[in-house]
Amino acid sequence: MAGLVPPGTTTIPADASKAAHTKAEEKTDYMNLPCPIPFEELHREALMSLKPETFEGLRFDFTKGLNQKFSLSHSVFMGPTELPSQSAETIKIPTAHYEFGANFIDPNLMLIGRMLTDGRLNARVKWDLTDNLSVKANAQLTNEPHMSHGMVNFDYKGKDYRSQLQIGNGSLFGASYIQSVTPHLSLAGEIFWTGQHLKSGIGYAARYETDKMVAAGQVASTGMVALSYVQKVSEKVSLASDFMYNYMIGDVTASVGYDYILRQCRLRGKIDSNGCTAAYLEERLNMGLNFILSAEIDHKKKDYKFGFGLTVG
Amino acid sequence: MATKVSLKSKGKGGKGSKGSDEKSTVQCLKEWSTWAVKKAKVVTHYGFIPLVIIIGMNSDPKPQLYQLLSPV
(Lines give C-alpha, C1' and ligand atoms only; values in the text may rest on other atoms or scores of the structure.)
Protein backbone atom coordinates (compact mmCIF):
# COMPACT_ATOMS: atom_id res chain seq x y z
CA MET A 1 0.00 0.00 0.00
CA ALA A 2 2.88 2.38 0.74
CA GLY A 3 4.15 1.96 -2.82
CA LEU A 4 0.92 3.38 -4.25
CA VAL A 5 1.34 6.72 -2.47
CA PRO A 6 3.97 8.76 -4.34
CA PRO A 7 6.71 10.20 -2.11
CA GLY A 8 6.70 13.87 -1.27
CA THR A 9 2.93 14.18 -0.83
CA THR A 10 1.32 15.46 2.33
CA THR A 11 0.30 13.10 5.12
CA ILE A 12 -3.48 13.47 4.46
CA PRO A 13 -3.67 11.19 1.34
CA ALA A 14 -1.55 8.58 3.14
CA ASP A 15 -4.01 8.54 6.07
CA ALA A 16 -6.92 8.26 3.66
CA SER A 17 -5.40 5.25 1.89
CA LYS A 18 -4.68 3.59 5.24
CA ALA A 19 -8.28 4.19 6.37
CA ALA A 20 -9.61 2.72 3.11
CA HIS A 21 -7.43 -0.34 3.59
CA THR A 22 -8.67 -1.00 7.13
CA LYS A 23 -12.27 -0.41 6.00
CA ALA A 24 -11.86 -3.14 3.37
CA GLU A 25 -10.43 -5.46 6.02
CA GLU A 26 -13.31 -4.84 8.43
CA LYS A 27 -16.00 -5.50 5.84
CA THR A 28 -15.71 -9.28 5.47
CA ASP A 29 -17.51 -10.93 2.63
CA TYR A 30 -19.51 -13.70 4.27
CA MET A 31 -20.33 -15.17 0.90
CA ASN A 32 -16.69 -15.74 0.05
CA LEU A 33 -15.21 -17.43 3.07
CA PRO A 34 -12.18 -19.64 2.59
CA CYS A 35 -12.53 -23.40 2.62
CA PRO A 36 -11.59 -24.80 6.04
CA ILE A 37 -8.99 -27.49 6.60
CA PRO A 38 -10.18 -31.10 6.94
CA PHE A 39 -11.52 -32.10 10.35
CA GLU A 40 -8.79 -34.64 11.09
CA GLU A 41 -6.16 -31.92 10.57
CA LEU A 42 -7.65 -29.65 13.19
CA HIS A 43 -4.62 -29.82 15.45
CA ARG A 44 -2.19 -30.16 12.54
CA GLU A 45 0.27 -27.44 13.47
CA ALA A 46 0.36 -28.49 17.10
CA LEU A 47 0.84 -32.15 16.24
CA MET A 48 3.68 -31.32 13.86
CA SER A 49 5.62 -29.63 16.65
CA LEU A 50 4.58 -31.71 19.62
CA LYS A 51 4.34 -35.21 18.22
CA PRO A 52 7.31 -35.90 16.00
CA GLU A 53 7.72 -39.51 14.91
CA THR A 54 10.24 -40.58 17.50
CA PHE A 55 11.63 -44.07 17.24
CA GLU A 56 14.16 -46.25 18.99
CA GLY A 57 16.98 -47.98 17.20
CA LEU A 58 18.30 -47.76 13.68
CA ARG A 59 16.22 -46.64 10.74
CA PHE A 60 17.32 -46.54 7.15
CA ASP A 61 15.00 -45.42 4.35
CA PHE A 62 15.85 -45.47 0.71
CA THR A 63 13.40 -44.06 -1.81
CA LYS A 64 14.09 -44.58 -5.47
CA GLY A 65 12.05 -42.57 -7.91
CA LEU A 66 11.42 -44.22 -11.24
CA ASN A 67 9.55 -41.29 -12.68
CA GLN A 68 7.71 -38.21 -11.40
CA LYS A 69 4.77 -40.18 -10.12
CA PHE A 70 6.07 -43.64 -9.28
CA SER A 71 8.68 -44.55 -6.68
CA LEU A 72 9.79 -47.59 -4.73
CA SER A 73 10.98 -47.47 -1.16
CA HIS A 74 13.13 -49.83 0.87
CA SER A 75 13.25 -49.40 4.60
CA VAL A 76 15.22 -51.24 7.28
CA PHE A 77 14.48 -50.95 10.98
CA MET A 78 16.38 -52.57 13.86
CA GLY A 79 15.51 -51.83 17.41
CA PRO A 80 13.38 -52.64 20.42
CA THR A 81 9.65 -52.46 19.98
CA GLU A 82 7.39 -51.80 22.89
CA LEU A 83 4.73 -54.35 23.74
CA PRO A 84 1.52 -53.04 25.23
CA SER A 85 1.52 -54.17 28.84
CA GLN A 86 -0.87 -53.58 31.69
CA SER A 87 1.80 -53.21 34.35
CA ALA A 88 3.75 -50.04 34.99
CA GLU A 89 6.97 -51.30 33.47
CA THR A 90 7.56 -51.25 29.74
CA ILE A 91 8.33 -54.51 27.98
CA LYS A 92 10.46 -54.28 24.89
CA ILE A 93 11.45 -56.97 22.48
CA PRO A 94 14.13 -56.48 19.86
CA THR A 95 12.81 -56.60 16.33
CA ALA A 96 14.29 -56.13 12.92
CA HIS A 97 12.32 -55.83 9.74
CA TYR A 98 12.58 -54.80 6.14
CA GLU A 99 9.75 -52.97 4.49
CA PHE A 100 9.18 -52.69 0.79
CA GLY A 101 6.97 -49.92 -0.48
CA ALA A 102 5.54 -48.77 -3.76
CA ASN A 103 4.07 -45.28 -4.20
CA PHE A 104 2.14 -43.89 -7.07
CA ILE A 105 1.28 -40.21 -6.69
CA ASP A 106 -0.86 -38.53 -9.32
CA PRO A 107 -2.90 -35.34 -8.89
CA ASN A 108 -6.08 -37.45 -8.89
CA LEU A 109 -4.98 -40.80 -7.56
CA MET A 110 -2.56 -41.67 -4.82
CA LEU A 111 -1.65 -45.29 -4.02
CA ILE A 112 0.78 -46.14 -1.25
CA GLY A 113 1.54 -49.70 -0.28
CA ARG A 114 4.01 -50.98 2.30
CA MET A 115 4.77 -54.65 2.86
CA LEU A 116 6.77 -55.88 5.86
CA THR A 117 8.76 -59.08 6.22
CA ASP A 118 6.27 -60.47 8.72
CA GLY A 119 3.50 -60.33 6.15
CA ARG A 120 1.77 -57.13 7.19
CA LEU A 121 0.49 -54.80 4.51
CA ASN A 122 -0.26 -51.10 4.95
CA ALA A 123 -2.25 -49.78 2.05
CA ARG A 124 -3.52 -46.25 1.48
CA VAL A 125 -5.55 -45.10 -1.47
CA LYS A 126 -6.78 -41.59 -2.20
CA TRP A 127 -8.90 -41.07 -5.27
CA ASP A 128 -10.30 -37.69 -6.29
CA LEU A 129 -13.43 -38.55 -8.19
CA THR A 130 -14.31 -34.93 -8.96
CA ASP A 131 -12.98 -31.57 -7.80
CA ASN A 132 -15.10 -31.79 -4.68
CA LEU A 133 -15.57 -35.48 -3.91
CA SER A 134 -12.73 -37.72 -2.89
CA VAL A 135 -12.54 -41.26 -1.58
CA LYS A 136 -9.81 -42.36 0.81
CA ALA A 137 -9.19 -45.90 1.96
CA ASN A 138 -6.75 -47.16 4.54
CA ALA A 139 -6.05 -50.78 5.42
CA GLN A 140 -3.67 -52.73 7.66
CA LEU A 141 -3.84 -56.38 6.71
CA THR A 142 -2.07 -59.16 8.57
CA ASN A 143 -1.89 -62.90 8.29
CA GLU A 144 -3.26 -63.31 11.78
CA PRO A 145 -7.03 -63.65 11.82
CA HIS A 146 -9.08 -60.84 13.27
CA MET A 147 -6.15 -58.44 13.42
CA SER A 148 -6.79 -56.63 10.15
CA HIS A 149 -8.36 -53.20 9.96
CA GLY A 150 -9.76 -51.22 7.09
CA MET A 151 -11.43 -47.85 6.78
CA VAL A 152 -13.03 -45.94 3.91
CA ASN A 153 -13.66 -42.18 3.96
CA PHE A 154 -15.82 -40.20 1.60
CA ASP A 155 -14.99 -36.48 1.63
CA TYR A 156 -17.08 -33.77 0.10
CA LYS A 157 -15.60 -30.28 -0.13
CA GLY A 158 -18.03 -27.41 -0.56
CA LYS A 159 -17.33 -23.69 -1.01
CA ASP A 160 -16.75 -22.95 2.65
CA TYR A 161 -17.40 -26.30 4.30
CA ARG A 162 -16.20 -29.88 4.28
CA SER A 163 -18.05 -33.01 5.23
CA GLN A 164 -16.76 -36.52 5.67
CA LEU A 165 -18.31 -39.96 6.08
CA GLN A 166 -16.21 -42.77 7.52
CA ILE A 167 -16.93 -46.50 7.40
CA GLY A 168 -14.59 -48.93 9.08
CA ASN A 169 -14.50 -52.64 9.71
CA GLY A 170 -16.00 -53.86 12.93
CA SER A 171 -18.97 -51.71 11.89
CA LEU A 172 -17.47 -48.37 12.73
CA PHE A 173 -19.33 -45.36 11.34
CA GLY A 174 -18.35 -41.74 11.65
CA ALA A 175 -19.34 -38.44 10.11
CA SER A 176 -17.88 -34.97 10.49
CA TYR A 177 -18.68 -31.50 9.24
CA ILE A 178 -16.58 -28.34 9.37
CA GLN A 179 -17.76 -24.89 8.33
CA SER A 180 -15.96 -21.54 7.99
CA VAL A 181 -17.88 -18.97 9.98
CA THR A 182 -15.56 -15.98 9.52
CA PRO A 183 -12.34 -15.70 7.51
CA HIS A 184 -10.42 -16.84 10.58
CA LEU A 185 -12.83 -19.02 12.57
CA SER A 186 -14.22 -22.41 11.65
CA LEU A 187 -16.53 -24.64 13.66
CA ALA A 188 -16.96 -28.38 13.35
CA GLY A 189 -18.96 -31.27 14.69
CA GLU A 190 -18.59 -35.02 14.49
CA ILE A 191 -20.50 -38.14 15.46
CA PHE A 192 -19.34 -41.74 15.53
CA TRP A 193 -20.80 -45.14 16.31
CA THR A 194 -19.01 -48.44 16.82
CA GLY A 195 -20.91 -51.68 16.46
CA GLN A 196 -18.40 -53.92 18.14
CA HIS A 197 -18.09 -52.06 21.43
CA LEU A 198 -21.56 -50.50 21.12
CA LYS A 199 -20.26 -47.02 21.78
CA SER A 200 -21.38 -43.82 20.18
CA GLY A 201 -20.19 -40.29 20.63
CA ILE A 202 -20.56 -36.75 19.48
CA GLY A 203 -17.94 -34.03 19.44
CA TYR A 204 -17.52 -30.35 18.66
CA ALA A 205 -14.47 -28.41 17.62
CA ALA A 206 -13.43 -24.88 16.81
CA ARG A 207 -10.35 -23.49 15.16
CA TYR A 208 -9.19 -19.90 14.98
CA GLU A 209 -6.24 -19.09 12.80
CA THR A 210 -4.42 -16.01 11.63
CA ASP A 211 -1.08 -15.57 9.91
CA LYS A 212 0.74 -15.66 13.21
CA MET A 213 -1.16 -18.10 15.36
CA VAL A 214 -3.53 -21.04 15.37
CA ALA A 215 -5.78 -21.95 18.28
CA ALA A 216 -7.92 -25.07 18.20
CA GLY A 217 -10.22 -26.72 20.71
CA GLN A 218 -12.10 -29.99 20.65
CA VAL A 219 -14.63 -31.55 23.02
CA ALA A 220 -16.07 -35.06 22.68
CA SER A 221 -18.68 -36.99 24.60
CA THR A 222 -16.11 -39.74 25.24
CA GLY A 223 -14.74 -37.35 27.82
CA MET A 224 -11.92 -35.87 25.80
CA VAL A 225 -11.14 -32.17 25.83
CA ALA A 226 -8.18 -31.08 23.70
CA LEU A 227 -6.94 -27.53 23.31
CA SER A 228 -3.91 -26.43 21.36
CA TYR A 229 -2.21 -23.16 20.58
CA VAL A 230 0.60 -22.55 18.10
CA GLN A 231 2.35 -19.22 17.70
CA LYS A 232 4.55 -18.55 14.72
CA VAL A 233 7.23 -16.41 16.29
CA SER A 234 9.17 -15.91 13.07
CA GLU A 235 9.67 -17.57 9.69
CA LYS A 236 11.96 -20.12 11.25
CA VAL A 237 10.54 -20.63 14.72
CA SER A 238 7.17 -21.66 15.98
CA LEU A 239 6.12 -22.54 19.51
CA ALA A 240 3.26 -24.85 20.37
CA SER A 241 1.39 -25.88 23.46
CA ASP A 242 -1.23 -28.51 24.01
CA PHE A 243 -3.66 -29.46 26.77
CA MET A 244 -5.51 -32.78 26.87
CA TYR A 245 -8.02 -33.60 29.55
CA ASN A 246 -10.31 -36.59 29.91
CA TYR A 247 -13.14 -35.69 32.23
CA MET A 248 -14.36 -39.26 32.57
CA ILE A 249 -11.02 -40.67 33.70
CA GLY A 250 -9.53 -37.50 35.11
CA ASP A 251 -6.34 -37.79 33.10
CA VAL A 252 -4.58 -34.51 32.31
CA THR A 253 -1.60 -33.89 30.04
CA ALA A 254 -0.09 -30.57 29.08
CA SER A 255 2.86 -30.15 26.78
CA VAL A 256 4.94 -27.34 25.38
CA GLY A 257 7.15 -27.59 22.35
CA TYR A 258 9.09 -25.80 19.67
CA ASP A 259 9.77 -26.23 15.99
CA TYR A 260 12.83 -24.66 14.39
CA ILE A 261 12.92 -24.84 10.60
CA LEU A 262 16.41 -23.77 9.61
CA ARG A 263 18.19 -23.94 6.28
CA GLN A 264 19.95 -27.23 6.84
CA CYS A 265 17.92 -28.81 9.57
CA ARG A 266 14.62 -29.07 11.33
CA LEU A 267 14.64 -29.39 15.10
CA ARG A 268 11.55 -30.18 17.12
CA GLY A 269 11.34 -30.69 20.83
CA LYS A 270 8.75 -30.88 23.55
CA ILE A 271 8.33 -31.32 27.25
CA ASP A 272 5.34 -32.90 28.88
CA SER A 273 3.59 -32.78 32.22
CA ASN A 274 4.05 -36.57 32.45
CA GLY A 275 7.78 -36.00 32.82
CA CYS A 276 8.51 -36.87 29.22
CA THR A 277 10.79 -34.85 26.96
CA ALA A 278 11.38 -35.57 23.32
CA ALA A 279 13.51 -34.12 20.57
CA TYR A 280 13.73 -34.86 16.88
CA LEU A 281 16.39 -33.58 14.53
CA GLU A 282 16.41 -33.91 10.76
CA GLU A 283 19.66 -32.67 9.27
CA ARG A 284 20.12 -32.30 5.56
CA LEU A 285 23.63 -33.52 4.91
CA ASN A 286 23.44 -33.29 1.16
CA MET A 287 20.85 -33.15 -1.59
CA GLY A 288 18.51 -36.04 -0.88
CA LEU A 289 20.48 -37.30 2.13
CA ASN A 290 18.96 -36.66 5.54
CA PHE A 291 20.29 -37.68 8.91
CA ILE A 292 17.76 -38.21 11.69
CA LEU A 293 18.29 -38.22 15.44
CA SER A 294 15.43 -38.99 17.77
CA ALA A 295 15.29 -39.00 21.56
CA GLU A 296 12.47 -39.55 23.98
CA ILE A 297 13.13 -39.59 27.71
CA ASP A 298 10.32 -40.57 30.04
CA HIS A 299 11.53 -39.82 33.55
CA LYS A 300 8.41 -41.12 35.25
CA LYS A 301 8.43 -44.55 33.63
CA LYS A 302 12.24 -44.58 33.33
CA ASP A 303 11.95 -45.35 29.64
CA TYR A 304 14.78 -43.95 27.51
CA LYS A 305 14.54 -44.16 23.76
CA PHE A 306 17.25 -43.03 21.42
CA GLY A 307 17.26 -43.57 17.70
CA PHE A 308 19.25 -42.61 14.69
CA GLY A 309 18.67 -43.02 11.02
CA LEU A 310 19.44 -42.04 7.51
CA THR A 311 16.99 -41.20 4.74
CA VAL A 312 18.09 -41.29 1.16
CA GLY A 313 15.95 -39.89 -1.62
CA MET B 1 -60.33 -88.85 4.45
CA ALA B 2 -56.84 -90.10 3.91
CA THR B 3 -56.31 -87.65 1.06
CA LYS B 4 -57.61 -84.78 3.19
CA VAL B 5 -55.14 -85.62 5.90
CA SER B 6 -52.33 -86.00 3.45
CA LEU B 7 -53.20 -82.61 1.88
CA LYS B 8 -53.19 -80.99 5.29
CA SER B 9 -49.82 -82.44 6.15
CA LYS B 10 -48.47 -81.39 2.77
CA GLY B 11 -49.74 -77.85 3.37
CA LYS B 12 -48.07 -77.79 6.75
CA GLY B 13 -44.88 -79.24 5.33
CA GLY B 14 -44.98 -76.62 2.55
CA LYS B 15 -45.35 -73.73 4.99
CA GLY B 16 -42.57 -75.05 7.16
CA SER B 17 -40.15 -75.30 4.28
CA LYS B 18 -41.02 -71.76 3.11
CA GLY B 19 -40.20 -70.43 6.57
CA SER B 20 -36.83 -72.14 6.62
CA ASP B 21 -36.22 -70.85 3.06
CA GLU B 22 -36.67 -67.23 4.22
CA LYS B 23 -34.27 -67.75 7.07
CA SER B 24 -31.68 -69.28 4.77
CA THR B 25 -31.77 -66.39 2.26
CA VAL B 26 -30.73 -63.96 4.98
CA GLN B 27 -28.16 -66.46 6.20
CA CYS B 28 -27.02 -66.99 2.61
CA LEU B 29 -26.58 -63.24 2.14
CA LYS B 30 -24.55 -62.99 5.35
CA GLU B 31 -22.42 -65.97 4.39
CA TRP B 32 -21.80 -64.63 0.90
CA SER B 33 -20.85 -61.16 2.15
CA THR B 34 -18.47 -62.69 4.71
CA TRP B 35 -17.00 -64.93 2.01
CA ALA B 36 -16.65 -61.93 -0.33
CA VAL B 37 -14.93 -59.82 2.33
CA LYS B 38 -12.56 -62.68 3.14
CA LYS B 39 -11.66 -63.16 -0.52
CA ALA B 40 -11.28 -59.40 -0.99
CA LYS B 41 -8.88 -59.31 1.94
CA VAL B 42 -6.72 -62.06 0.47
CA VAL B 43 -6.79 -60.42 -2.98
CA THR B 44 -5.81 -57.05 -1.51
CA HIS B 45 -3.11 -58.58 0.64
CA TYR B 46 -1.36 -60.26 -2.27
CA GLY B 47 -2.36 -57.99 -5.11
CA PHE B 48 -2.12 -54.40 -3.86
CA ILE B 49 1.61 -53.90 -4.26
CA PRO B 50 1.71 -55.60 -7.71
CA LEU B 51 -1.23 -53.38 -8.70
CA VAL B 52 0.65 -50.24 -7.70
CA ILE B 53 3.75 -51.45 -9.56
CA ILE B 54 1.74 -52.20 -12.71
CA ILE B 55 0.03 -48.80 -12.61
CA GLY B 56 3.36 -47.11 -12.01
CA MET B 57 5.19 -48.93 -14.80
CA ASN B 58 2.47 -47.89 -17.25
CA SER B 59 2.51 -44.19 -16.34
CA ASP B 60 4.28 -41.51 -18.41
CA PRO B 61 7.28 -41.38 -18.86
CA LYS B 62 7.38 -45.15 -18.95
CA PRO B 63 10.21 -46.45 -16.78
CA GLN B 64 12.35 -49.37 -17.86
CA LEU B 65 12.09 -52.81 -16.25
CA TYR B 66 15.68 -52.87 -15.01
CA GLN B 67 15.01 -49.67 -12.99
CA LEU B 68 12.72 -51.70 -10.75
CA LEU B 69 15.58 -53.82 -9.49
CA SER B 70 18.72 -51.72 -9.77
CA PRO B 71 19.67 -49.47 -6.84
CA VAL B 72 20.73 -46.54 -8.99
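Just so it is clear: chains get the letters A, B, ... in the order the sequence lines come, proteins before strands, and each one is counted from 1.
- When heavy atoms are compared at a cutoff of 4.5 Å, A:Ser71 does not approach chain B at all.
- Separating the CG atom in A:Leu141 from the OG1 atom in B:Thr44 is a distance of 6.0 Å, to the nearest 0.5 Å.
- B:Met57 has its side chain within reach of A:Leu66: a pair of non-hydrogen atoms, C-beta onward, lies under 4.5 Å apart.
- With a 4.5 Å cut-off on non-hydrogen atoms, B:Leu68 touches chain A through its backbone and its side chain both.
- Around OH of A:Tyr98, the count of heavy atoms belonging to other residues, nucleotides or ligands within 6.0 Å exceeds 12.
- Between the CG atom in B:Leu69 and the NZ atom in A:Lys64 there is a gap of 9.0 Å [rounded to 0.5 Å].
- Within a 6.0 Å radius of NZ in A:Lys136, more than 12 heavy atoms belonging to other residues, nucleotides or ligands are found.
- In this structure, A:Gln68 CD and B:Asp60 CG are separated by 12.0 Å, a value rounded to the nearest 0.5 Å.
- In this structure, A:Arg124 places its CZ atom where only 12 or fewer heavy-atom neighbours from other residues, nucleotides or ligands lie under 6.0 Å away.
- A:Gly113 and B:Phe48 get closest at one heavy-atom pair: CA-CE2, 3.6 Å.
- Most heavy-atom pairs under 4.5 Å with chain A, from the set B:Gly56, B:Ser59, B:Pro63: that is B:Gly56.
- Side chain of B:Lys41 to main chain of A:Ser148: no donor-acceptor pair is present (N/O by atom type, distance under 3.5 Å, no hydrogens or angles).
- More than 12 heavy atoms of other residues, nucleotides or ligands lie within 6.0 Å of CG in A:Leu83, so this atom counts as buried by the packing criterion.
- A:Phe104 places none of its side-chain heavy atoms less than 4.5 Å from the side chain of B:Ile53.
- Ranked by non-hydrogen atom pairs under 4.5 Å with chain B, the options A:Ile105, A:Ile112, A:Asp106 are led by A:Ile112.
- For A:Phe100 against B:Ile49, the heavy-atom pair with the smallest separation is CE2-CG2, 3.7 Å.
- Side-chain N or O atoms of B:His45 include none that pairs as donor or acceptor with a backbone N or O of A:Arg120 at under 3.5 Å.
- No more than 12 heavy atoms of other residues, nucleotides or ligands shown are found within 6.0 angstrom of CG on A:Asp131.
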